[in-house]
Structures are given as structure tokens and as C-alpha cells.
There are 2 protein chains.
Amino acid sequence: MSGIQEIARATGLSKSTVSRALRNLPSVAPATIMTVRRAADELGYVPSLAASGLATGRNHAVGVVVPVIDRWFYIQTIEGIDAELRREGYDLILFNLAGRTGNRERVFHRSILRKRVDALVLLSLVFDDSEREQLELSEYPTVVIGGRAPGVRHIGIDDFDVAQRATRYLLGLGHRRIAHIGGLDEAGMNFLVPGERHDGYTEALKSAGLPLVTDWSRNGAYTFAGGHSSMRSILGSGDVPTAVFCASDEMAFGAMQAIREAGLSVPGDISVIGIDGHVYGETLGLTTFAQDPRAQGTRATRVLLGELAGQPPQPWFEPEPVTFIDRGSAGPVAS
Amino acid sequence: MSGIQEIARATGLSKSTVSRALRNLPSVAPATIMTVRRAADELGYVPSLAASGLATGRNHAVGVVVPVIDRWFYIQTIEGIDAELRREGYDLILFNLAGRTGNRERVFHRSILRKRVDALVLLSLVFDDSEREQLELSEYPTVVIGGRAPGVRHIGIDDFDVAQRATRYLLGLGHRRIAHIGGLDEAGMNFLVPGERHDGYTEALKSAGLPLVTDWSRNGAYTFAGGHSSMRSILGSGDVPTAVFCASDEMAFGAMQAIREAGLSVPGDISVIGIDGHVYGETLGLTTFAQDPRAQGTRATRVLLGELAGQPPQPWFEPEPVTFIDRGSAGPVAS
DNA sequence: GTGAAAGCGCTAACAG
DNA sequence: CTGTTAGCGCTTTCAC
């Protein structure tokens, strides 16, 4: 089962020349390259990344750490990362923390650091001091995608701003009774994101001179089911709002479902607006502020790979763009 | 920036003893093990998988190849695989074909074979001869999860049977006008799955003595949007069925949405049934035949890891179980 | 129980 | 342009 050695023997060249030829180094005669390639094909040569990694210190792999996989945002981001990685011939090693704390320790203190990756993409994670220290120690180029992560550069939208805009949009439609479904994601998501989105909502209401109805701020756990049950309990509380701003599209879908189950209409009785740009929104007609996690993944990856290639590190990133998409789920308040 | 060498120096032991101690080999004195461990911790030792991989031929990584990531089934399966892999200290290398044919070639003829993984899990893939040959050549323990894949052992539900049961369930409720939303997934999914599910539907109708209305078999592309538009066009065709069997829950969700948009009710006017066990189904009240992709992922992984550990290969697998869950979206035909 | 030496498959100076 | 010589960091006989 071949190695570079066999090719050397077969072609009568030396190991090093074969190695160079295989990597298309300019110092090799074109003819030689051809010869080597042919031989490699014939022998069914398969390079060993372990070996070349050992020799160069480059693993041609990037680690991607996610709190959970099962969320639209993460999946899209992973696809973006993956696309760029493949393009450059890198492998993607997936580390799923899966909400398991033990796993987390293992990832940060062991797996990741097993010199298997050249760089790290962290999805919506926040770290404690020891983890941050590990990250710095490891000296990998690192980027966080999603929520802000103190101490590590990050790529993402301006959560506070988007939430504020979404809320203001509802205000602009005349709504004065606006609920918010957001909340912590116990699965281990960046806990700064929900907070900032909630703050944006609060700030918008405040600057419009409106009171904050605590009963209208619900924890939807960033899931479809959570959005559904949150909306249901808001509806059941007697004091029903005319609009609801959901911190994620998935929760908004749940909310819409609950509203319709209650025999009410969207936006006739209650307006709904979300954040994300989830595909389902097209079919369900959800008005939302869309972000492009795929692009974020690609951008982050490109930066990392660039740095591995010797480009100067980019210390921080502009907030990612957000696009308002009106699909009719938010309308003027009923008079 | 240690290696095993530094530990050796620090403890006054030899490289080999340190290596053994680190791996808890029985031939090492307990006291030595302690010493070595302590030194390793202090020096912040991080093992190099590349090096040990080179020496042993074991990479402690498993490759997971998916046609696309963005589907409930794949995500769940990946989570199952991941959980088992982490438990055993293996890494998960994700190969996303992303519907790109070029990528596919690269994966099968290069990446995967770069001796970076010890085993392979292929999600719902079907191979051509050359790919199958590559797989065999690579000699990795391999399992396909999802649809049947000629030439490679696979873990999955009995698609034909489930489809038949689902259709029969509708028949049992008195339905005689049953549509089917299934269809090819152009994204590169196992093309045998849609076919088998369609066949199950057909067979059930046939054995009930019912005619096949070709206009009632639609291609929903296995997506929410596809299910929605398929249902819409069925509704618009004038000849409306009393029930629809969807080959996946996501399509069923789309169908339900379309039905309600048309001012009809589920199951009052039209009954809907799906396959999968997607979480959304709980909230949306979808009657379905649930499978457990997570468990499938875990099982497949356990088998692979077992074989790597020397257990005899398991040549084939029983069909995975399926659980009928009645959530009320399918009811008796209106009389 | 522990050490010495060889080697996994590749790359990287340094010569030529 | 190509060959020689050392390793990369770990595991593994084979001795002691």
C-alpha cells in the first residue's frame, strides 16, 4: 500500500523529488511531474496527512465547535465554513458540545488541542477564563461566529441594533402593546445574544416612552416549541398584545402557530416579526430581519485560512449585514 | 511546547516509558504512571495525534459523509454519531458533498482516502461502481445509514414497509382517495428511499384494489417548501383527495400549511400522515411513523468502533424500528 | 519495569 | 533541477 517511497522506486527518482513533484513545486521539471503523477495514479497512491502533518506542523484541518448542531443558525454556518474549507482542501473537524458540560472540558483541554487542527471556529460560544487561556495557549487562529465573545474576536450581526430595529418597525406600524419572545437557550448557546436582543427591544420601547410589561417578555428557549408555548401563555394571560417580536424565526413560527390555534389571525389580530431569515419563513410568510450565517461561516474561514497562509491577522470585524424582508406577518395595528 | 521527550527529560525516564505511562500500559509501575502524569500536566503536555497516528496507523477519527447537512434526518444522525465518537475519544470529520458533484469526486478519490480516518459513515448515499471500488480499496470499516446502498451494508428503517403501513393506516380510516407527496431530492439524497416509499404507497393502494391516480403523486423534494407547493398544486387541481401520505414529516408540515391556507382543516377535510418523527410534529400535531436517526447513528458508530477494536465484522443489520405516533392529523374520512 | 534503537511517511535544509 | 541527510513526535520490538 504505497507511499511516496514506492513511487520513488518505480520512477527511479528520489523520495524528495517525488514529494516535490506531488506538490507541484516550481523547482521540479514538468516532465518529472508528469512521470510522478502517472506513477502515483497507477500505484493508487494516497498521501498520508498524518505524515505530512508531522513533518510540516500543518494539519490541513479546521476545528468547528458548536454548542449543539440542531439549530438553523449553526447548520447554515457550518455549511458556509465547509464550503470554503473544501475549496481549499481542508478538512472540517466537528466538535459538538451538545450541552454536555463534561464534553466541554474535554474539548477545550484535550481534543481540540491534540494538534489535529490548524485553526478554530467557535459558534456562538462564550468562555470562562480557563477556556480563554487554553485558547490563547493553543495559539490557533480563532474566530467566534454568532454572539459577541469577550476576549475573542467575533463575526456576527449587531444583535442589539437588529432587535431595536425590529421593535421600532412594529412601533412604526402603530403598535404600542408589543411582546417579546426570546430567552436563554439552555442548550449552551451564547448567553449574550438573547440578552442583547432583549435589550434592543427594551430600549426601543423605552425611547418610545412605553412601559415594559414584564409579563410580555417570555423565554422561548430559541426553539419552535418554545415559541409556541410562550405565545400560548401570553395569549392565555388575558392581557393580549397586538404584536410580538421574536428573537429568532423558529420561535416566531411557533408563535404564529399558537396565534392561529387560538383562532386569531396574523397580522390581523397580532403582528409577528422575527430575526434570522430561516427558509421556512418564505412559505409561512414571516416578516423578518434576515442574516446570512452561511456567508459568515465562509468569511470567517477565509480569514483563518488567509492567516494560516501568512496574511496579517484581522483583529476585529464589522458587524455583518442584515436584510429586512417584509412578508406580511406584521401589519398596522387594528384601530 | 512539550512533547513526550520533555516529560522524559523532566522525570528522568525514557521516552518509551513515558509513552507507556501515558497510555496506562499495565507493564508500567503505578508510581511511574503518577509521576509521568503529574509532569505531563505541569508541562501542559498535548499529545500529537499526527505522530501517534503515524506510528500506529490509527487516526482516532471517523469520517462522516453527508449529501447535504441541512435536513432533519442528517442532523439527528450526526448528533448520534458524534455522541458515541466523543465517548470513545474519536474525532468526527465531516464531509459535506453539498450536492456538488465535483466535491463528490474529491471526497471519494482524495480527502477520505487521505488516511485521516479509521472508518466511514455514509449518510443516505448511493454509489457508482468506481466509488464502491474506492471504498473497498480503502478497506475502512464502512456503514451506510439511511437508504439501502447496494454493495455496502446499511442501517435504516424498512422504507417500503413503513410507507405501506402509513398508507394502510389511511385506508383503515376509510380513505379511498389518497395522495402521495414524496419525490426525488435533487440535493443528492439516496435515490432509493423515495422510490421505496413510493412503492410502499403504490402497493398498499393496489392491494386494496384502488386505482393509482398519477396526478396525486407529487415531488415535494423532501423539503418543507416542496411539500407546501405540492399540496397546493394538488388542491388546485380540482380533484382533491381526502388524505395525503407524505414521505417525510417536513413535507407533511408544508402540506398541512397549504391545506390550512386553502381554508380547509386537518384532518376534517384532509388527513395528513408523515414519516420521521421530526420534533415540530409535536407542536403541529402531525401523525407520523417515527424513526430514531440518532440511535441509528449511535449504533452504526458503535459497530464501527467495535470492529476497529477487533470485533468480528457485522455483515448486515436488522431494519431499524419505527414507532407509530398518533397526533390527530389523520382521521376518519368524512362521510 | 525500564531503556535503546528503529521506524511510521513525509518534508526540509543543504549540497551538487 | 535532483539526491542526501535529518528529523517531525510517537510507538514498538528487543534487550536488560
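In what follows, every chain begins at residue 1, and chains take the letters A, B, ... in the order their sequences are listed.
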Verify whether one side chain among B:Arg302 and B:Thr298 offers a donor that lies under 3.5 Å from an acceptor in the other. no
How many angstroms lie between CD in A:Glu6 and CD in A:Glu42, if you round to the nearest 0.5 Å? 14.0 Å
Taken to the nearest 0.5 Å, the spacing of A:Ile69 CD1 from B:Glu79 CD works out to 4.5 Å
Once you round to the nearest 0.5 Å, how far does CD1 of A:Ile7 lie from CZ of A:Arg37? 12.0 Å
Which nucleotides of nucleotides 11-16 of chain D have their base under 4.0 Å from a protein heavy atom (B), which only their sugar-phosphate (S), and which neither (-), written as one string 5' to 3'? BBB---
Heavy-atom pair of closest approach, residues A:Val36 and A:Val18: CG1-CG1, 3.9 Å
Rounded to whole Å, CG of B:Leu54 lies from C1' of C:dT11 at a distance of 12 Å
Side-chain donor/acceptor of B:Asp118 to backbone N/O of B:His60, under 3.5 Å: yes
Taking ring-ring contact (aromatic ring centres under 6.0 Å, His included) as the test, write out the residues that go with B:Phe73, two or more places apart. none
Whether the side chain of B:Gln76 engages the backbone of B:Asp292 through a donor-acceptor N/O pair (distance < 3.5 Å, no angle test) should be reported. no
Any residue in residues 29-37 of chain B with a heavy atom nearer than 4.0 angstrom to DNA chain C? Just list them by number, or reply none. B:Ala29, B:Thr32
If I take atom CD1 in residue A:Ile7 and atom C1' in nucleotide C:dC10, what distance separates them, rounded to the nearest angstrom? 12 Å
Indicate, with a heavy-atom threshold strictly under 4.0 Å, whether A:Ser27 touches base, sugar-phosphate, or nothing. base
Quick one: does A:Arg116's side chain have a donor or acceptor within less than 3.5 Å of a partner on B:Ala50's backbone? no
Atom CG of B:Asn24 and atom P of C:dG1 are separated, to the nearest Å, by 14 Å
When you measure from the side-chain N and O atoms of A:Ser48 to the phosphate of C:dG9, is any distance below 4.0 Å, counting only OP1 and OP2? no
Taking CG from A:Leu49 and P from C:dC8, how many angstroms apart are they, rounded to a whole number? 18 Å
In this structure, how many angstroms lie between the P atom of C:dG9 and the CZ atom of B:Arg58, rounded? 15 Å
Once you round it to whole Å, what is the distance between P of C:dA4 and CD of B:Gln5? 11 Å
